[in-house]
Amino acid sequence: MSSTVDTIRGLAEQDYKWGFITDIDEDRVPKGLNEDIVRLISARKGEPEFMLEWRLNALRHWFRMAKEEGAPTWANLTIAPIDYQNISYYSAPKKKPQLDSLDQVDPEILRTYEKLGIPLNEQKLFSGVAVDAVFDSVSVATTFKGKLAEMGVIFCSFSEAVQKHPDLIKKYLGSVVPHTDNFYAALNAAVFTDGSFVYVPKGVRCPMELSTYFRINAAETGQFERTLIVADEGAYVSYLEGCTAPIRDENQLHAAVVELIALDNAQIKYSTVQNWYPGDKEGRGGIYNFVTKRGKCLGVNSKISWTQVETGSAITWKYPSCILQGDNSVGEFYSVALTNNRQQADTGTKMIHIGKNTRSTIVSKGISAGYGQNTYRGQVKILKSATGARNYTQCDSLLIGDRCGAHTFPYIEVRNATARMEHEASTSKIGENQLFYLRQRGLTAENAVSMIVNGFCKTVFKELPMEFAVEAQKLLGVSLEGSVG
Amino acid sequence: MALLEIQDLHASVEGHEILKGLNLTLNAGEVHSIMGPNGSGKSTLAAVLARRETYEVTRGRVLFNGKDLLEMKPEDAACEGVFLAFQYPVEIPGIGNAYFVRSAMNAIRKFHGQDELDAMDFLPLYKERMKILEMDDKLVNRSVNEGFSGGEKKRNEILQMAMLEPKLAILDETDSGLDIDALRIVAKGVNAMRGPDRAFLVITHYQRLLDYITPDFVHVLVDGKIVRSGGPELALELEDTGYGPSEADVPQALPA
Ligand SMILES: Nc1ncnc2c1ncn2[C@@H]1O[C@H](COP(=O)(O)OP(=O)(O)OP(=O)(O)O)[C@@H](O)[C@H]1O
Ligand SMILES: [Mg+2]
C-alpha cells in the first residue's frame, strides 16, 4: 500500500502559471488604516458625501470590533495575525484610464489580461461574455457596454455606478450585507475601492454572460472589491467571476463583499472560479481570501444560484448564502473546493428560509491533497414563517494521500414542523484500485487522479457555463499537479 | 522472438510470496489458458504483468516484445500493448464510459506519436463494437461501470479491449458472472480479435468458456507455479479430475 501513498503523495508540486508581475506605475495611498485614509480613498474616487459617510460609519464599527473581539476565530483555520496598519488600502495604475474606451487602457494592463487568457479587446472576445476587469483596486475596462445599454442593462464598475446611478446604490448598497455583518464586511465597507455593478431591468433576460476578472498586482496591498447585482422583476442574469494574483512571498489580503438582490420572479446565477495565488509548497505567501457573499431572494418565485470552484488562496473563508424571503423562492449552492500543499479552506453556505415553500439545494465537494485542510461549514435555518420549506444537502469529501484533512460542520435549525430536510454526506479516498484501473488503460497517474477528481466534481461542474466548466476542469488538473509522484 | 517471456518469476504481496518461480512463453497469435485452484496466484500473475505497484517482484525476468516489462509503469505497459480485463472491474463515478475509453485510446495514441481521435471519429467506431457485444446504447454516457450489472461490467471490459486493440490481452475470469448468452457474445468478441499479431492469456475455472474460445495451450497453476501444461484436451481432463495431482503422481499403494 505504501507505494500507492507515494504515488499519490507526489501530487503536490504545482506551478502557479499566473504568478507574473506587471510592471506599471501605480498610484497608491500610504500604508495604514484610519479616517484620513478612508477620506483619501473617497476623494480619489470623487465620491458624493453619502458614500464617505457610509464608509466612515463602517470604519468606526470595524475599529470597535477590532478592539472588542478582533477577527472571527470560529473557523477551522490557522491564520498568522494580520497587521491591518501595514497594508496599503488603495493602489491604482497611474495612467488612470477614462473608462469609456479600451484605447485608453494602459497597454501593459491589456497585455496582462491577454497573458491570463482574457483578451479585453472586444473584437477578440467570444461573443456572449462581457467583461469588467479589476486591476488592483480599480476597474480598468468594461466591454460590451453599448450593446447591454440598448437593453437597459447596466454593467459598469462600482465607482462609475456611484457617480451615474446613485439612487440605485443608495437603495441597495449594504441591504444584504450590512457593514455590521462581520469583521471583514466592515473592513470592506470602509475601504473598498471598486468592483462591479449590475442592474437588469424588469423582464429583461441579459443576453450575454457578464464577467468580472479580478487581478491583484501590486505588492503589500489588499484588494477590497464590492459587487452589487440587482435583478428586477422577471429579470435573468448569469454572472461569472475569475481571479488571479502574482506569486509573492508575503500574504496578501483580499476581503470582498458580494450582494445579490432578486425581485419577484427574477433569477441570478453567480459563478466563481477562484484561483488566487495559493502560496508555495511550504505555505509561504498566498492570498488570504475573506469573502462575504450573500444573495437575497426578495421577491416571490425568485432564484439565486451560487456555483463556486475554489482552487486558489492560502486561506479561504467564504460562505455564499441565500436569504429566501419571497414565497416559493429557491436558493442553490454548488461548490468545489480544493486544498493542496498547505492550503486551508473553510467554506460552505447559509440558507435562511423565511418565505413559504422556499427550497434550497446544497452540493459541496471538498478535495484535500498534500497537507491541505478542507472544511465544509453550512447552516440551514428554517424560520417559523417558512411553512413547507425544503432543503437538500449533499456534502462529499475526497482525500488524496494521508496527510490532508476533511471536516464537515453542518448546522441545522428548524422552527417549522412542516420542513423537509435531507442530508447526505460521504468521505472517500482515491482508491489504489481506481488509480490502477485507469493507469492500466494507459492514463498517467496524474491524469488518472485528475479524471477521478473531475468525476467527483461533475454534479457541480455541470452547473457552470460551458467555457467556465472547461476552464475549471483544466484548473483542477493543474492544481493537482505533483500530487502523484 | 516470443511476445511474452516469463522466467522464474517470484512475486509477493504484503510480504507473502504468491508466485514462486513461474515460467511461461507466449507467441503472437496464440491463445493460452491458465487454470488453477482459488488462491493459487492467477490474478497475481495478471496484476504483475499489468505492473500493479502493490505487487512486488522479488526475482525473475519478464520480456514483452523484447522489452523489460518489469521496468515499466502500469501506463507504459498499457501503452506498449498489455491489456487486463479485470476480474472485478472498478467503478469511476462521474466519468462517462465513452469519454473514458476515448481518453485511454488517445493516451495510447499519443504514446505512439499518433494524432488524437475526436469524438466524431471515435463514436461510430465505439458504437459499432458495442453492437458486436450486444450492449445497450444507454451505457455510452453512463459513468464507467457505475451501477452496471456484473455481466455488463465484464462485457464493458471486452468492449474496452476491442477499442484499445492490445498486443497481449489478459482476461481474468471474464466468464464468471456471465449468463449463457452473454458468454457466447463475449467469446464472439474475443474470437473476432484473434489474429497473428495478438496473444491472449485467458484465466478461467471453467471449460464452458474454452468451448467457445479454443485455446492453443492450457496451463495449470498451483501454489504459484505452473505444474502442468498441455493442449485444449488438458482442460477437459481437469473438468473430470479437478486440480488434484495427476494420476501419474498418485501413490501406487494406497493404505487399505
Ligand atoms: N493484498 C493482499 N494481501 C495478502 N494476501 C493477498 C493479497 N492479495 C492477494 N493475496 C493472496 O494471494 C493469493 C493469490 O491470490 P490470487 O488473487 O492471485 O488468486 P487466484 O488464483 O486469482 O484465485 P481465484 O481463483 O480465487 O481468483 C491468495 O491466497 C490471496 O489471499
Ligand atoms: Mg483471481
Side-chain angles (χ1 to χ4, degrees), chain A residues 1-10 309 334 336 363 365 367 394 396-398 401 424 426-464 469-470 472-474 476-477 484-485, chain B residues 13-15 46-47 49-56 72-97 99-112 141 143-146 153 156-157 160-161 163-166 169-170 172:
Chain A
M1 283 315 287
S2 65
S3 58
T4 318
V5 174
D6 286 342
T7 319
I8 294 167
R9 202 164 266 177
V309 177
Y334 298 96
V336 165
V363 178
K365 304 277 181 177
I367 302 136
Q394 184 190 343
D396 299 318
S397 307
L398 185 67
E424 289 175 26
S426 75
T427 300
S428 49
K429 269 193 161 189
I430 289 194
E432 184 272 338
N433 62 336
Q434 277 184 325
L435 273 181
F436 174 61
Y437 188 70
L438 299 190
R439 295 177 74 186
Q440 206 305 300
R441 297 302 185 248
L443 300 170
T444 61
E446 270 187 6
N447 287 340
V449 168
S450 181
M451 188 177 265
I452 293 166
V453 170
N454 274 309
F456 175 75
C457 299
K458 186 171 169 214
T459 46
V460 173
F461 285 168
K462 74 179 202 307
E463 297 297 324
L464 287 171
V470 173
Q473 275 193 30
K474 282 195 206 138
L476 268 192
V484 161
Chain B
V13 195
E14 294 187 354
L49 294 177
R51 305 304 308 119
R52 191 166 192 156
E53 287 166 347
T54 43
Y55 292 75
E56 193 194 351
M72 296 179 198
K73 291 191 270 191
E75 55 268 40
D76 297 335
C79 290
E80 291 285 355
V82 176
F83 179 91
L84 171 60
F86 283 59
Q87 183 172 3
Y88 305 106
V90 178
E91 300 183 357
I92 315 287
I95 295 300
N97 216 15
Y99 171 78
F100 168 58
V101 180
R102 185 158 65 87
S103 304
M105 249 174 118
N106 283 334
I108 294 173
R109 290 176 72 93
K110 197 172 153 204
F111 182 88
H112 293 288
N141 291 317
S143 293
V144 179
N145 293 328
E146 200 182 36
K153 283 183 184 171
N156 204 29
E157 294 291 287
Q160 291 177 20
M161 176 184 81
M163 294 304 294
L164 300 180
E165 301 181 333
I170 306 164
D172 193 356

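Because only heavy atoms are used, hydrogens play no part in the values below, and waters and symmetry mates are left out as well, while side chains stay in. First the proteins, then the strands, lettered A, B, ... as listed; each starts at 1.
When every heavy atom of B:Ala78 is checked against every heavy atom of A:Gly442, the shortest pair comes out as CB-N, 3.5 Å. Among all heavy-atom pairs drawn from A:Asn454 and B:Ile95, the shortest one is C-CD1, 4.5 Å.
Atoms CE and CZ, from B:Met105 and A:Arg441 in turn, are 13.5 Å apart once rounded to the nearest 0.5 Å. Separating the CD atom in A:Glu432 from the OG1 atom in B:Thr54 is a distance of 4.0 Å, to the nearest 0.5 Å. From B:Gln160, atom CD reaches atom CD of A:Gln440 across 9.5 Å, with rounding to the nearest 0.5 Å. Note that CG of A:Leu435 and CD of B:Glu75 are 10.0 Å apart. Values are rounded to the nearest 0.5 Å.
Under the 30°/60° scheme for interplanar angles, the aromatic rings of B:Phe86 and A:Tyr437 are found to stand perpendicular.
Of the listed residues (B:Ala47, B:Ser143, B:Ala77, B:Pro93), the greatest number of heavy-atom pairs within a distance under 4.5 Å of chain A belongs to B:Pro93. The most heavy-atom pairs under 4.5 Å with chain B, out of A:Lys462, A:Lys458, A:Met451, come from A:Met451. With respect to chain A, the highest number of heavy-atom pairs below 4.5 Å among B:Pro74, B:Ala104, B:Ala107 belongs to B:Pro74.
For B:Ala50, the parts lying under 4.5 angstrom from a heavy atom of chain A are both the backbone and the side chain. Both the backbone and the side chain of B:Leu84 come within less than 4.5 Å of a heavy atom of chain A. Contacts of B:Val144 with chain A are made by side-chain atoms alone, with heavy-atom separations under 4.5 Å and no backbone atom involved.
In the displayed structure, B:Tyr99 atom OH is contacted under 6.0 Å by at most 12 heavy atoms of other residues, nucleotides or ligands.
Side-chain contact check for B:Phe100 versus A:Leu443: some heavy-atom pair is nearer than 4.5 Å.
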